[in-house]
Every structure is written in structure tokens, then in C-alpha cells.
Amino acid sequence: MAKNAAVFFTMNDKQTPLLALKEGDADIAFIESSEIIDANQNGFKTDSYNNIVWYLTISDGFSKDIRKSLISLANPKVFTENLTAGYYVPKSIYPDIISQKNIKSGITPYNLENSKNLFTNAIQNLKDKKFPTNVVLYYYDDGTTKNIVTDIVGHWQNQLSAFVNIESVSSPEVLLPQLKTKTYALCIFPVRANSQRVSEFLENFGINYSNEALSDIQKKLLKSKNITPLFTQDTVIAYSEELNNVTVNHGDGCIDFAYIVKDN
């Protein structure tokens, strides 16, 4: 008998995947990263892998010095306390399934004094000698990130007197093109690596990969100060303790159901 090539699942829209697991309506599910502790405390087994990076993008509507000062003060040290389970300070612009190395090439460090000086001098070159009004930062909120976004814009306001409004979008795909176009003033959103292929991940940035060193690519991407990694995130799979032989390919997130056995 031929085996199924794919399996499709449906779920009540009123249930979250974790709730479906708790209520016994599902045996295995992808859950939110922040729910991994809850899942483990409720007796579910979990498997996770780091394949998501959240970025801040800034348009050329701001000078390079302003972009650099904003990026410097969007450093993880500003919002570390709001990095819940499954969220991490980034090692580089790449998620762990692409590269587990700590690549610092081109990453702007946190420097409050320098950022203030850069920002103040750059503002003097503007017509009104002040940060533009009605600037909007668009972001995708997965239930965790709003607090992080609030920390960042609050730090800009307190340290630079740069007032920025925030507005959430319905899905990360809405903002994904900003990696290439950067048409919106400010954006924060996730990029997911669906495989371990470097070339596939770099296509999101409009880069045709040709075996160049990852550190060199990162340095080029960050040089203009239009983009910076903010934090990374795990994809988490939770499943019933009654399931055995669950195998997950961390490269693409595929679950091998061929040998899964459920204890009665």
C-alpha cells in the first residue's frame, strides 16, 4: 500500500494549538515559543530549533547618522527582560539552523553617548532642526513582541527625544518586502528560515548567494545601517507523552510520522 506523501490537519479556530493539546483534541502541534514552559509543565514533550530572526529596518528617509544612533539604542540590552522563553539575543543576522557562529561583523554596539552626539548633530542638519513628527514604526506582534517594541521606542524617546508611533500589522509577510525595499520608515518583523540552505534564506534580502563568507555578507548588509538583527526565536513542537519515535527535521521543520507510535 502506498504511503501518504502529506498529511493535512484542521483545527477549531477558537482553539490555540496548545489548548488543543491540553483538551486532548490533538497529539502533536506547533506552539508559540513562549509557551514551551507551559507545555512542559503540563507533561508534554517538546522539540525546538532556532530558525527565526527578528529585524529592525530603517529607510533612507533618515540620514545614516540617525539610522546608526537608532540602531545602536535598539540593542538587546534595552529589552532583554522581555525576551521570554524561546527568544534569544542574536549571535548574528542568521538563525542557528543557518549558522551557530557568533558573527559580529558589522553589528552596531550599544553606545549611548556616541548615539546622542550623532543624533544631535544630525538633527541640526534638518530643516526644522528636530526629529520628524508622525513617524510610524510598523511591527508584527506575535503576543510577545509588543513589549519589546515598546521598550525600544521608549528608549529612543527618553534618550534622543525621538517620538515614534507604533502600529501592528496582521502578518509578518506584510513587512517581509522591507528587507529589500525599506520603503517604510521603521519596521520590526520576523524572517523564518524554512531550510538550512543559505541561498534560500538570503533571497529574502535580494542576495544571490555564491559561497561568499557569511561574515562578509553580514558586513555588507549592515554597512548602510538600514537593518539590524534584534533577537532570534525558536520554532517549538509539542506532543503528547503517549507518542514515541517522534522525529523532527530541524532543517525544514518536517515531522516524520512513519514510525510514530501512540501508547494506549
The reported gap from CG in L56 to CD1 in I148 (rounded to nearest 0.5 angstrom) is 12.5 Å
Backbone N/O of E212 and side chain of D216: donor-acceptor pair under 3.5 Å: no
Within this structure, what is the SG-CG distance for the pair C254 and N249, rounded to the nearest 0.5 Å? 6.5 Å
Any donor-acceptor N or O pair under 3.5 Å, side chains Q178, T183: yes
Please tell me whether F205 and Y55 form a close aromatic pair, meaning their ring centres lie under 6.0 Å apart. yes
Could you tell me whether K225 and D65 make a salt bridge, using a distance below 4.0 angstrom between a side-chain N and a carboxylate O? no
Backbone N/O of L70 and side chain of W156: donor-acceptor pair under 3.5 Å: yes
If I take atom CD1 from residue I217 and atom OG from residue S105, how far apart are they, to the nearest 0.5 angstrom? 11.0 Å
Under a 3.5 Å threshold, yes or no: a donor from one side chain and an acceptor from the other, between N165 and N134? no
Would you say the side-chain atoms of D60 pair up with the backbone N or O of S63, donor to acceptor, closer than 3.5 Å? no
Could you go through F189 and Y138, starting from their C-alpha distance and side-chain angles, then the distance that decides it, and tell me whether this counts as ring-ring contact (aromatic ring centres under 6.0 Å, His included)? CA-CA 8 Å; F189 56 94; Y138 295 97; over 10 Å; no
Would you confirm whether S72, through its side chain, and P109, through its main-chain N or O, come within 3.5 Å as a donor-acceptor pair? yes
Roughly how far, to the nearest 0.5 Å, is CD of Q233 from OH of Y49? 11.0 Å
Is there a donor-acceptor contact under 3.5 Å from the side chain of T145 to the main chain of Y140? yes
Should the heavy atoms of other residues, nucleotides or ligands under 6.0 Å from CG of L112 be counted, would the total exceed 12? yes
Distance only, no hydrogens: is a donor on one side chain within 3.5 Å (strictly under) of an acceptor on the other, for Y88 and D234? yes
Report the distance from atom CG of N114 to atom CZ of F119, rounding to the nearest 0.5 Å. 13.5 Å
Salt bridge flag under 4.0 Å for residues K262 and D27: yes
Does the pair D151/K77 count as a salt bridge with the N-to-O cut at 4.0 Å? no
Do side-chain atoms of Y110 reach the backbone of P76 as a donor and acceptor pair under 3.5 angstrom? no
Measure from the side-chain N and O atoms of N51 to the backbone N and O of A193, and report whether any donor-acceptor pair falls under 3.5 Å. yes
Taking CD in E81 as the centre, count heavy atoms belonging to other residues, nucleotides or ligands within less than 6.0 Å. Is the count above 12? no
Can you tell me how far the CG atom of N226 sits from the OG1 atom of T228, to the nearest 0.5 Å? 11.0 Å
